[in-house]
Trainee: 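Quick one: structure below, then a few questions.
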Amino acid sequence: MADTPLPPSVPALDDDLLALRRQIDAVDRELLALLNKRASLAQAVGEIKKKEGSVVFRPEREAQVIDGLKAVNQGPLKTESVAPIWREIMSACRALETPTRVAYLGPAGTFSELAALGFFGSSIVRVPCASIDEVFRTTTAGAADFGVVPVENSTEGVVARSLDLFLTTPLFIIGETSLYVRHNLLRKHNGLEGIAAVCAHPQALAQCHLWLSNHLPQVERRPVASNAEGARLASEDPSLAAIASERAASEYGLHVVAPAIQDDPHNRTRFAIVTHPDRHPQPKASGHDCTSLVVSVVNRPGAVHDMLVPLKQYGVSMTRFESRPARSGQWEYYFYIDIQGHPDQPHVAQALKELRDACAFFKLLGTYPVDVH
Ligand SMILES: O=C(O)C(=O)C[C@]1(C(=O)O)C=C[C@@H](O)C=C1
C-alpha cells in the first residue's frame, strides 16, 4: 500500500495560531499605549481650549484627520474602515475634553440614534427626544449641545418638518451624515398570521408601501412617532407588528419576521447635525465643504434663474435644489440650496453675496465638512 501522507498535526496548527495571537496581543498593548498617548494630547488641547473659552468639537479638524489617514492608508485595512475606527477614537478623546450631549429622535434603536452614533462616535451623552420638534427645542434650549435630524430620504424625498424648522429656529447646520436604512418587519411571534396593525413612523410605512401591499394588504398601517416607538408597542402587544432596525429588534426582544422590506434596496437617509450659534461657531473650512441656504425670490418671470446666475459665474457647484411652499397661499416657495465650498473661499463668498442681493429672503443654514466615509 502506498504511503498516505499524515494529516498535519493539530497541535502544530494550534501553536501557529497561538503564536499569531500572542503577536496580536502585543500589538494591541502597543496600540492601547499609543491611544492613551493620543488621549493625553487631546486632553492638553482641551486645556488650551478651556483657557481660550473655545469649543471642543471641531468637525473640520475631525474630517481632516480622517481624510488624511485615508490618503496614506496602505492596507490591508480597507480604506472604508478608517473613518469608523477614527471616529470612535476621536469620540473617546473628545469625551475627555468635555461631554458631548446629542439630541435625536428616540427612543433607543431609531435610525436617528444610529446616525448620531455614526457621526459623533459612541462616547456621547444620548438625549432621545419624542419628535423632531423636540430635538430642535432641546438643542435650542441648551439641554443638548447638538441635534441630529433627518432631512432627506432617497425613496421618500424631503423630511418636510425638519426643513420647516430650519427656517423658523435659530439653529444652524454644522455637519451631515447618511445611513443605509434597512427596514425589517418585527414582531413578538415569528409569523405573519394574526397581525392587526403595523406600527411605524409615516416615512417608514411609505418606504415599505409595496411590501405591505403585497404581503399584508388588509392590515392597518398605524403611524406612530418613531419606528422604535412602534417596536416598543409591538413588544407589549402580540397583535402588533413594527417596521424598524435590527438594533430595535434586539432592544425590544422581537423577531425579525421579514428582513429588508423597504421598496428600494439602496434606501438611504441623510441627517443634518444642528447646533445653536451662541454656543458653537461655524466650522472653519476643511477643504471639502458644503454650504446650505434657504432663499425666496419675488414671484416674477426669470427670478429663480437670475438668482442662480452668480453660482455659474463664479464656478460654484450646486448639489441640491429643493422647493417648499411658503404657506402664504400665494404660490410662493422657499428654495433649499446646497452648494460646494465654504464662504471663506473668495469665489464662494462673492457668489453668495450676489445671490443674496437677488433674493427677497436669504438665510444661511450652515457650512460644514461633507460627509466622510
Ligand atoms: O484637535 C482638536 O481640537 C482636538 O480637540 C482633538 C480631537 C481629536 O481627537 O483629534 C478631538 C476633538 C475635536 O473635535 C477635534 C479633534
Trainee: With a 4.5 Å heavy-atom cut-off, do Thr168 and Phe136 have their side chains touching?
Mentor: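 They are not in side-chain contact.
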
Trainee: Can you tell me how far OG1 of Thr140 sits from CD of Glu134, rounded to the nearest 0.5 angstrom?
Mentor: 11.5 Å

Trainee: Just by distance, no angles: are the side chains of Thr139 and Arg101 close enough, under 3.5 Å, to form a donor-acceptor pair?
Mentor: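 Looking only at side-chain atoms, Arg101 and Thr139 do not form any donor-acceptor pair under 3.5 Å.
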
Trainee: Would you kindly say whether Thr269 and Asn153 are connected by a side-chain donor-acceptor distance under 3.5 Å?
Mentor: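 Result is yes, a qualifying pair exists.
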
Trainee: Could you check whether any side-chain heavy atom of Thr291 comes within less than 4.5 Å of a side-chain heavy atom of Leu364, counting everything from C-beta outward?
Mentor: yes

Trainee: How are the rings of Phe335 and Tyr333 set relative to one another: parallel (under 30°), tilted (30 to 60°) or perpendicular (over 60°)?
Mentor: tilted

Trainee: Should the ring pair Phe57 and Phe119 be called parallel, tilted or perpendicular, given that the plane angle runs from 0 to 90° and is split at 30 and 60?
Mentor: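 Perpendicular: the ring planes of Phe57 and Phe119 meet at over 60°.
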
Trainee: Side-chain contact test, heavy atoms from C-beta onward, threshold under 4.5 Å: evaluate it for Arg320 versus Glu152 and give yes or no.
Mentor: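 Yes, close enough: below the 4.5 Å cut-off.
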
Trainee: Between the side chains of Tyr314 and Glu354, does any donor sit under 3.5 Å from an acceptor?
Mentor: yes

Trainee: Hey, could you give me each pair passing salt bridge (charged side-chain N to carboxylate O under 4.0 Å, His left out) that has a residue in residues 165-182? Not counting sequence neighbours.
Mentor: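 Found Glu176-Arg270, Arg182-Glu246.
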
Trainee: Under a 4.5 Å cut-off applied to non-hydrogen side-chain atoms, are Gln282 and Thr367 in contact?
Mentor: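 Yes; the side chains approach each other to less than 4.5 Å.
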
Trainee: Going by side chain to side chain donor-acceptor pair (under 3.5 Å), name the pairs with one or both residues in residues 41-53, residues two or more places apart or in two chains.
Mentor: Glu52-Ser54

Trainee: With the threshold set at 4.0 Å, does a side-chain nitrogen-carboxylate oxygen contact exist between Asp164 and Arg324?
Mentor: yes

Trainee: Can you list every pair that meets side chain to side chain donor-acceptor pair (under 3.5 Å) and has a residue in residues 188-203, with sequence neighbours left out?
Mentor: Gln203-Gln207

Trainee: Kindly check if the number of other-residue, nucleotide or ligand heavy atoms within 6.0 Å of NE2 (His276) is above 12?
Mentor: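 Correct, the count exceeds 12.
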
Trainee: Under 4.0 Å between a Lys/Arg side-chain N and an Asp/Glu carboxylate O for Glu113 and Arg247?
Mentor: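 Looking at Arg247 together with Glu113, the answer is yes, because their closest N to O distance falls below 4.0 Å.
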
Trainee: In plain terms, say whether Asp133 and Arg161 are close enough for a salt bridge, that is, a side-chain N and a carboxylate O under 4.0 Å apart.
Mentor: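 A salt bridge links Asp133 with Arg161.
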
Trainee: Should the pair Arg58-Glu62 be classified as a salt bridge under the 4.0 Å nitrogen-to-oxygen rule?
Mentor: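 Judged by the 4.0 Å cut-off on N to carboxylate O distance, Arg58 and Glu62 do not form a salt bridge.
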
Trainee: Can you check whether Val294 reaches Phe362 side chain to side chain, under 4.5 Å on heavy atoms?
Mentor: no

Trainee: Tell me, do Val316 and Gln345 make a side-chain contact under 4.5 Å, heavy atoms counted?
Mentor: no

Trainee: How about Val370 and Asp289: do any of their side-chain heavy atoms sit closer than 4.5 Å?
Mentor: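 When only atoms from C-beta onward are counted, Asp289 and Val370 do not touch, as no gap falls below 4.5 Å.
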
Trainee: Quick one: do Arg21 and Asp16 make a salt bridge, cutoff under 4.0 Å?
Mentor: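 So Arg21 does not pair with Asp16 through a salt bridge.
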
Trainee: Pairing donors with acceptors under 3.5 angstrom, does anything connect the side chains of Asp338 and Thr319?
Mentor: no

Trainee: Quick check: do Tyr104 and Cys129 have side-chain heavy atoms less than 4.5 Å from each other?
Mentor: no

Trainee: Mark yes or no: Arg232 above the aromatic ring of Tyr252, with NZ or CZ under 6.0 Å from the six-membered ring centre and no more than 45 degrees from the axis.
Mentor: no

Trainee: If you measure from CZ on Phe172 to CG on Leu293, what distance do you get to the nearest 0.5 Å?
Mentor: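 It is 14.5 Å, given to the nearest 0.5 Å.
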
